[in-house]
Amino acid sequence: MSNKEMIKFETNQSSQNNSVNIPAVKSRQPDLNEKESALIMRPIKQDDRPVLRNIIRKTWHYDEFCKGQAADQLAEVFLTSVEADSDHTIVIERNNKPVGIIMIMDERIKHRSFIRRWNQIKAIVSLLLSKDGRQASKLFGSVNSTDEILRKKVGKDFDAQIRFFALDESVRGLGLGKKLFEGALEAMKQMNIESFYLYTDSSCNYHFYQKRGMH
């Protein structure tokens, strides 16, 4: 099993604008293996959910320890959980299909949408209705416990957390993760966020964050 870590970034940069509005931006990726593909960075849509659940299942190998339906339900629990905590989301779309996502949680905000929390509760209840789901839920609980332990060890406050960051395995190595991360940095600058952190583990591309000033 991989070892989980918490890495952080701090800056003195600030912005006069407290609001964030990232429009859908079309760009071109000139160094793809195939003919140039249109890329769009935009907010999350309801229609994205099945694809995002599949990305979650593949990224964290849910299908290796629980059956198909339970794996999909566990991915929905994860997705609704990070949605309930997040204040800004960017999805990157390639060839009309979402292939990556990054979510920011502003830790200075204490109260969030009840509707999103209710969606999380419904997803958890749905998971717990089956034996396979109850077994899978134990892993989700252990991950949350690890996060809390790591957070307490650091012993300081941060403005924000990158709550969720993932790419479909089919587009890794094409620079899309860099685009998403830079989009998140720009969003946090507009939100006057000067420090943030995220959780990662030894199975992830740890050097990606080190190259960008995180430690």
Undergrad: Could you check, using the six-membered ring where one of them is a Trp, whether Tyr197 and Phe158 have ring centers closer than 6.0 angstrom?
TA: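 Yes: the rings meet the under 6.0 Å criterion.
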Undergrad: For residues 125-135, run the donor-acceptor check on the side chains, cut-off 3.5 Å, and write out each pair with its distance to 0.1 Å, sequence neighbours left out.
TA:
from	atom 1	to	atom 2	distance (Å)
Ser126	OG	Gln73	NE2	3.4
Ser130	OG	Gly133	N	2.9
Arg134	NH1	Leu128	O	3.0

Undergrad: Identify whether the distance between the nearest side-chain nitrogen and carboxylate oxygen of Asp47 and Lys97 falls below 4.0 Å.
TA: no
Undergrad: Listed by chain and number, what are the salt bridge (charged side-chain N to carboxylate O under 4.0 Å, His left out) partners of Glu76, not counting sequence neighbours?
TA: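 For Glu76 the salt bridge (charged side-chain N to carboxylate O under 4.0 Å, His left out) partners, ignoring immediate neighbours, are Arg49, Arg53.
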Undergrad: Taking all non-hydrogen atoms of both residues into account, name the closest pair between Ala184 and Ile104 and its distance.
TA: O-CD1, 3.7 Å
Undergrad: Tell me, please, which residues at least two apart from Ser113 pass side-chain contact (heavy atoms from CB on, under 4.5 Å).
TA: Ile115, Arg116
Undergrad: What pairs with Asp168 under side chain to side chain donor-acceptor pair (under 3.5 Å), at least two apart in sequence or on another chain?
TA: Ser170
Undergrad: How close do Met191 and Arg108 get, counting heavy atoms only, and between which atoms?
TA: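 Closest approach of Met191 to Arg108: O-NH2, 2.8 Å.
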Undergrad: How would you list, by chain and number, every residue that makes a side chain to side chain donor-acceptor pair (under 3.5 Å) with Glu64, sequence neighbours excluded?
TA: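 In terms of side chain to side chain donor-acceptor pair (under 3.5 Å), with neighbours along the sequence ignored, Glu64 is linked to His61.
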Undergrad: Holding to side-chain contact (heavy atoms from CB on, under 4.5 Å), I want the full list of residues that pass it with Arg172, two or more places apart in sequence or in another chain.
TA: Thr59, Leu167, Glu169
Undergrad: Any chance you could measure Leu185, atom CG, to Lys178, atom NZ, to the nearest 0.5 Å?
TA: 11.5 Å
Undergrad: Residues two or more places apart in sequence or in another chain: which of them pass side-chain contact (heavy atoms from CB on, under 4.5 Å) with Asp63?
TA: Arg57, Ala71
Undergrad: Hey, does the side chain of Asp48 reach the backbone of Lys45 with a donor-acceptor pair shorter than 3.5 angstrom?
TA: yes
Undergrad: Could I get the full list of side-chain contact (heavy atoms from CB on, under 4.5 Å) partners for Asp85, not counting sequence neighbours?
TA: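 Asp85: side-chain contact (heavy atoms from CB on, under 4.5 Å) contacts with Met105, Arg117, Arg163.
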